[in-house]
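A short worksheet on the structure shown next.
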Amino acid sequence: MSSKKYILEMFPYPSGNIHMGHVRNYVIGDICARYHKLKGDEVIHPMGWDAFGLPAENAAIQFKTHPQDWTLSNIENMKKQLKKLYLDLDWDREIATCNKDYYRFQQELFIDLYNAGLAYKKDSLVNWDPVDQTVLANEQVIDGKGWRTGAIVEKKNLSQWFFKITNYAEELLVDLDKLKLWPDKVKTMQKNWIGKSSGAEIKFIIHGSEEYLNIFTTRPDTIYGATFIAVSINHPIVSKYLDETKIKKIKEEFNLIEDDKNKMGFKLNISCKHPILEKELPIYVANFVLDNYGEGAIFGCPAHDERDFEFAKKYSLPIIKVIECDDESLPYSGDGQLINSPILNGLNKDNAIRKIISFFEKNGIGKEKINYKIRDWGVSRQRYWGCPIPVIYYEDGSYRVLEKSELPVFLPYNVNLNSQGNALINLDSWRNIKCTKTNKNAYRETDTLDTFVDSSWYYIRFLNNKLDKPFNAEDVNNLLPVDKYIGGIEHAILHLLYSRFFMKALRDIYNLKVDEPFKQLFTQGMITHKTYKTLNNEWVMPKEVVSKKGKLYKQGTSEEIFEGPCEKMSKSKKNVVEPDEILENYGVDATRIFMISDSPPDRELEWTDEGIQSSKNLIHRIEKYFSKEKSEISEETTKQVEKFIFDIEQNIMNFSLNKCVANIYTLFNYLEKNKIYLSNSDLSKKILICLYPIVPSLSSSLNKKLFDSLDINNWPVIDKNLLIEESIILPIQIQGKLVTTINAKKGYNEEDILHYVYKLDKIKKKISDKQIIKVINVQDKIINIITK
RNA sequence: GCGCCAGUGGCGGAAUGGUAGACGCGCUGGUCUUAGGAACCAGUGGGCAACCGUGGGGGUUCGAGUCCCUCCUGGCGCACCA
């Protein structure tokens, strides 16, 4: 029975050349796809290009090429490289996200999201790179600096487009449980990212005013221990009570603190009423309060929170114990009996939380609250090379999201890329338009969409890449989810979370039946390689290193070299190997074999010359084997081949591809050791089919040679009966320790066999002076004799 | 600090609670030779041996690399998340 199998590898960014990481990724996927095709499944195995993004703009400046020309020529080159790998891809499904036939439909989806209330615009604090004059995504800020320029990133308030991923926070969290075939690691990371926590939101009225602060806490039970309030510097209240220069000064002082765990605060001239007790709580602006979590404000309970404790010590604030514990153990944040808390005294933590929340709700002080750490997804980017956001602005500052009939908004080709920042801003001919609806002067949104938007739905577009609308609902329902999604773990949160959100959002907008885009996720490991450095800490390419008298030197020089650890291949460390070169020297089959040989696909693979060479030797060995004259074929041979088929199949299905290689060695070791040559027998045909997913080039050339056929299909059906061994080697243990093994027939009689076992010298020696108190016979597996 | 994962020969790694080290690399000895990044044969956890061996210690079990507790080490992720 044939079934649908959608097998997908994460599509590459067309940077110019594929690297070994791609090779490993795509070989793993290809083995899977080819196997399923041989099984008769209806396989979807597409490939495309994540083609928008900043590197194209950098290249434009550096090499004076247009991002589009640069990208398209990279795609052409990389496609050639992929073809050399014998990847069985559906090239007729190919897409490139920079192609207007892709991004125009993305603009439609943007409109859909907007109309569904899932896209909105708001002012927000963003990471601003002052050198590149652009917003950076959170992941592009490393230690507070722009990843490309090294400039210290500023927080800037900008009006930005957002997708309302928070609407789906709960579902994104809960549905992780449905993803049985995802690595736990990725699920845990997503869970932490969503960051659900439950507690209460409490109103703190500002003394002498109608205003109040909302504060989220997971520990409302400690409310009687509250002795101060702290807010983030970006909290709205701050700008109300402090002038701009003062705020700026405070910010600077916060930035000056070397150890960012050091607490610092400035007392405001206002205070809050304690919501229950008749007392005032001072309000501080504090550096340790996050502005992007909860309400950006906390109540400090120094006795039972480490951070509040530290802060209170520094500013001599009172510390009131409300949970029974030793004074030495403060701050104590564990469970315990409530004290000094009139209505909560004697209760434990959980009961106190429940009681105080209902008290708050009754008195209008606060309410139960679930808080999520995840924030809405900011999708605006001040960049040229991306999908234009289909929005126009009027002179009065109001805006209108375009209608689908007004699409597409083409990304213009003729732009000046020499200036910093977004080239679209200066392109008046594109930017200034007349609104077709109002006939008013208007100008286009010049921000483009985050490229993670492009990759959030490409797996859907693959299904109907030429369709005149984003997708076909029936196909989506029938062909999604992707059955096996293979790629690097570095996308554990962003891409995979965004895609899950997109799928759910589109499901709700279009009434689709798919909840999750990727049924199984497989994360392949990185490829590592040895690193070498000179005394001056300059990296040296491994192939330039020569060994002389136990020391290492740089080729052709007397400069000594030192071996460093094995690290992820990277250009800066000079430890990359180029796929083109490897394919040239070792051939496609050896390359593919090595990609799966030395370690399980989800772990690191260390690149070694010995490894790739032995893969090549294996290919030669198989070729040579099949060139020998046919010999007698025994029933045992048939059995061994059946076992081979069975093992390979199991191992492909479980992604245990390193074991497939072991299966191949085991089979040929057996055949050669016993001088059994199969030539053009039926068994050979079966073996070649099993080899085909892994080494398609070798398999088809042998198939042509031996059978004069180009036909490779129908994964062999195995006779399970042949796999059952009649005679077995039975281990005999005494006290659970192996003493000897004997040959036995399956289904032996326990009494008879023990009769025989007791007579064995090795056994006799050990039991003669002892009393047998028990014999454990695990039929056909093991016998364990217990003595006293 | 919190969370997750992992520790098995010289190395990469195999082992539904049932013969630990499959398979490969490397290494040792040998064969052949058009002297090679070849091919083939034999060996390869430790120990002369009895035996001992899966990071350390404890436990469950007839039996533990595998399950439980605890500690140590390494990696990854998050990191003042109130």
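Per chain, numbering begins at 1; letters A, B, ... match sequence-line order. Below, all heavy atoms of this structure are taken into account, side chains as well, without hydrogens, waters or symmetry copies.
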Counting only Watson-Crick or G-U wobble pairs whose two distances fall under 3.5 Å, which nucleotide matches [N]?
N	value
B:U54	none
B:C27	B:G43
B:G3	B:C76
B:G63	none

Take atom [atom1] in [N] and the same atom in [M], then report the distance between them in whole Å.
N	M	atom1	result
B:U66	B:U54	P	9 Å
B:G10	B:G45	P	10 Å
B:C41	B:C25	P	13 Å
B:C4	B:A38	C1'	47 Å
B:U44	B:A22	P	10 Å
B:G13	B:U8	P	9 Å
B:G9	B:C5	P	23 Å
B:A50	B:A39	P	37 Å

Are [X] and [Y] close enough that their ring centres sit under 6.0 Å apart?
X	Y	result
A:F522	A:F655	yes
A:F228	A:F299	no
A:Y284	A:F266	no

Looking for any heavy atom pair under 4.0 Å, which part of the strands does [X] touch: base, sugar-phosphate only, or nothing?
X	result
A:S197	sugar-phosphate
A:V775	nothing
A:Y586	base
A:I298	base
A:L738	sugar-phosphate
A:N669	sugar-phosphate
A:K185	sugar-phosphate
A:N784	base
A:N658	sugar-phosphate

How long is the line joining [atom1] of [X] and [atom2] of [N], in whole Å?
X	N	atom1	atom2	answer
A:E672	B:C41	CD	P	7 Å
A:I593	B:G12	CD1	C1'	16 Å
A:I664	B:A22	CD1	C1'	15 Å
A:K762	B:A50	NZ	P	9 Å

- Query: Between A:R621 and A:E672, does at least one N-O distance fall below 4.0 Å, as a salt bridge requires?
  - Reply: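 Looking at A:E672 together with A:R621, the answer is yes, because their closest N to O distance falls below 4.0 Å.
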Discussion item. Let's see if you get this right: which residues in residues 597-610 of chain A place a heavy atom under 4.0 Å from RNA chain B?
Written reply: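 Under 4.0 Å from RNA chain B: A:D598, A:S599, A:P600, A:R603, A:E610.
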Side chains of [Y] and [X]: any donor to acceptor distance under 3.5 Å?
X	Y	result
A:N575	A:T531	no
A:Y293	A:S197	yes
A:N585	A:E581	no
A:N663	A:N651	yes
A:R500	A:Q190	yes

* Rounded distance [0.5 Å steps], CG in A:D305 versus CG in A:D308 ->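 If we round to the nearest 0.5 Å, A:D305:CG and A:D308:CG are 4.0 Å apart.
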For B:G7, decide between syn and anti, treating a glycosidic angle within 90° of 0 as syn.
->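 Anti for B:G7; the angle lies over 90° from 0.
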Which listed nucleotide ([options]) is nearest to the side chain of [X]?
X	options	result
A:K781	B:U16, B:A82, B:C62	B:U16
A:K774	B:G18, B:C23, B:C62	B:C62
A:V778	B:A22, B:G18, B:C80	B:G18
A:I729	B:G63, B:U19, B:A82	B:U19
A:Q613	B:G37, B:C23, B:A82	B:G37

Base [N] to side chain [X], donor-acceptor N/O within 3.5 Å cut-off:
X	N	answer
A:K659	B:C23	no
A:K737	B:U19	no
A:E306	B:G1	no

The contact string for nucleotides 43-49 of chain B, one letter per nucleotide 5' to 3', using protein heavy atoms under 4.0 Å with B, S and - for base, sugar-phosphate only and none, comes out as -------
- With nearest nucleotides of RNA chain B determined for A:Q735 and A:T741 from heavy-atom distances, which residue corresponds to the more 5′ nucleotide?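 Checking each residue's closest nucleotide, the 5'-ward one belongs to A:T741.
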- Map A:V661 and A:R621 onto RNA chain B by nearest heavy atom, then report which one ends up closer to the 5' terminus.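 Comparing both residues, the 5'-ward one is A:V661.
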Quick one: does NZ or CZ of A:K263 land under 6.0 Å from the six-membered ring centre of A:F311, within 45 degrees of the ring axis?
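That pair does not qualify as a cation-pi contact.
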_Check against salt bridge (Lys or Arg N to Asp or Glu O under 4.0 Å), A:E170 and A:K196_ = CA-CA 8 Å; A:E170 183 65 22; A:K196 178 179 182 175; 3.0 Å; yes
Would you call the rings of A:H304 and A:Y332 parallel, tilted or perpendicular, where under 30° means parallel and over 60° means perpendicular?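 Ring orientation of A:H304 relative to A:Y332: perpendicular.
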